[in-house]
Amino acid sequence: MSTMLTTNPKLILVFSGKRKSGKDYVTDLIHKRLGPEVCCILRLSAPLKEQYARERGLDFKELLGSGQYKEQYRADMIAWGERRRKQDPGFFCRLAQRSATQPVWIVSDARRLSDLQWFWTEYPNQTRCIRVEASEHTRRQRGWEFTSGIDDAESECGLDQGVDFDWIIRNDKDAPPLEEQLHLLFSLAEEKAGTETS
Ligand SMILES: Nc1ncnc2c1ncn2[C@@H]1O[C@H](COP(=O)(O)OP(=O)(O)O)[C@@H](O)[C@H]1O
Ligand SMILES: C[C@@](O)(CCOP(=O)(O)OP(=O)(O)O)CC(=O)O
């Protein structure tokens, strides 16, 4: 199924990172700083969870949350999503961007090379890839526990090698403040959106 690309963004920031590394925390911070007129957050997992919840009569909002509810279904959602991606690697990317109209898009949850390749192919000049990193100690403090079949599978490891990220954001207590690490990214976004203040 091919979806017409509905708008032409100036900048697409594609984030990835392990569970509890802080993808949502960092992208929410950027969204608050740039504002909803300038940027929107696209979650590739949102259309997946919406369809999965509909098919199984589950609570979509709970699946979008960060609690234990989604963890119960994560393995099955991964398998369900991978079956869809096998037929059409860009399926969730197209659905996630269909109503985006702002000049800056923040994709908060890329997990596979096919996710990055879709954006690089459709928007080669606008796409930048950012990796959010946190130590396992930090992630455990945030509620992460290693789960075999998930944390050693493509959903969590698909971008561990072979990607030359444009930025790496270290999201640990001993890392430089996020505002400092994100400074150049904020400047780029404001320049591309034409909102930079001199
Ligand atoms: N720099 C930070 N300072 C304080 N809390 C953080 C920070 N980064 C992440 N968190 C918290 O850790 C938890 C996991 O972060 P989240 O962004 O949901 O991770 P991910 O989306 O990568 O799974 C959330 O409760 C979030 O509020
Ligand atoms: C089936 C998934 O889309 C579920 C992703 O759920 P979240 O995006 O909520 O995950 P984290 O925020 O990293 O904990 C993963 C996939 O492989 O597509």
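For clarity, every value in this text was computed on a predicted model and none was experimentally measured.
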Any chance you could measure [X], atom [atom1], to [Y], atom [atom2], to the nearest 0.5 Å?
{"X": "Ser108", "Y": "Leu44", "atom1": "OG", "atom2": "CG", "value": "7.0 Å"}
{"X": "Asn8", "Y": "Gln126", "atom1": "CG", "atom2": "CD", "value": "5.0 Å"}
{"X": "Ile106", "Y": "Leu42", "atom1": "CD1", "atom2": "CG", "value": "8.5 Å"}

With sequence neighbours left out, write down each residue that passes salt bridge (charged side-chain N to carboxylate O under 4.0 Å, His left out) with [X], or none if nothing qualifies.
{"X": "Lys49", "value": "none"}
{"X": "Glu156", "value": "Arg111"}
{"X": "Arg142", "value": "none"}
{"X": "Asp152", "value": "none"}

Sequence neighbours excluded and cut-off under 3.5 Å, please list the side-chain donor-acceptor pairs for residues 26-35, or say none.
| unit_1 | atom_1 | unit_2 | atom_2 | d |
| --- | --- | --- | --- | --- |
| Thr27 | OG1 | Lys23 | O | 2.7 |
| Thr27 | OG1 | Asp24 | O | 3.2 |
| His31 | NE2 | Cys39 | O | 3.3 |
| Arg33 | NH1 | Glu179 | OE1 | 3.3 |

Under the 4.5 Å side-chain heavy-atom rule for ILVMFWY, direct or indirect, which residues accompany [X]?
{"X": "Ile78", "value": "Ile150"}
{"X": "Leu64", "value": "Phe60"}
{"X": "Trp144", "value": "Phe146"}

*Apply side-chain contact (heavy atoms from CB on, under 4.5 Å) to Thr121 and list each qualifying residue two or more places apart in sequence or on a separate chain.*
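Once residues adjacent in sequence are excluded, Thr121 has no partner under the side-chain contact (heavy atoms from CB on, under 4.5 Å) criterion.
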*For Tyr69, what residues pass the ring pair (Phe, Tyr, Trp, His ring centres under 6.0 Å) criterion, not counting sequence neighbours?*
Tyr73
_Listing request: all side-chain hydrogen bond (donor to acceptor under 3.5 Å, both in side chains) pairs with a residue in residues 161-173, at least two apart in sequence or in separate chains._
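Listed once each, the pairs are Ser135-Asp172, Thr138-Asp172, Arg170-Asp174.
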*Find out whether Glu50 and Leu95 are in side-chain contact, i.e. whether some heavy atom of one side chain is under 4.5 Å from a heavy atom of the other.*
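No - every pair of side-chain heavy atoms lies 4.5 Å or more apart.
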*Looking at Arg140, Lys18, Arg19, Arg74, which hits salt bridge (charged side-chain N to carboxylate O under 4.0 Å, His left out) with Asp151?*
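In the set Arg140, Lys18, Arg19, Arg74, the residue that makes a salt bridge (charged side-chain N to carboxylate O under 4.0 Å, His left out) with Asp151 is Arg19.
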Output a table of donor-acceptor pairs, distance under 3.5 Å, between side-chain atoms of residues 80-87 and any protein atom two or more places apart or on a different chain; print 'none' if there are none.
| unit_1 | atom_1 | unit_2 | atom_2 | d |
| --- | --- | --- | --- | --- |
| Trp80 | NE1 | Glu55 | OE1 | 2.9 |
| Glu82 | OE2 | Arg112 | NH2 | 2.9 |

*Within the side chain of Gln51, is there an N or O that forms a donor-acceptor pair under 3.5 Å with the backbone of Leu48?*
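It does not hold such a pair.
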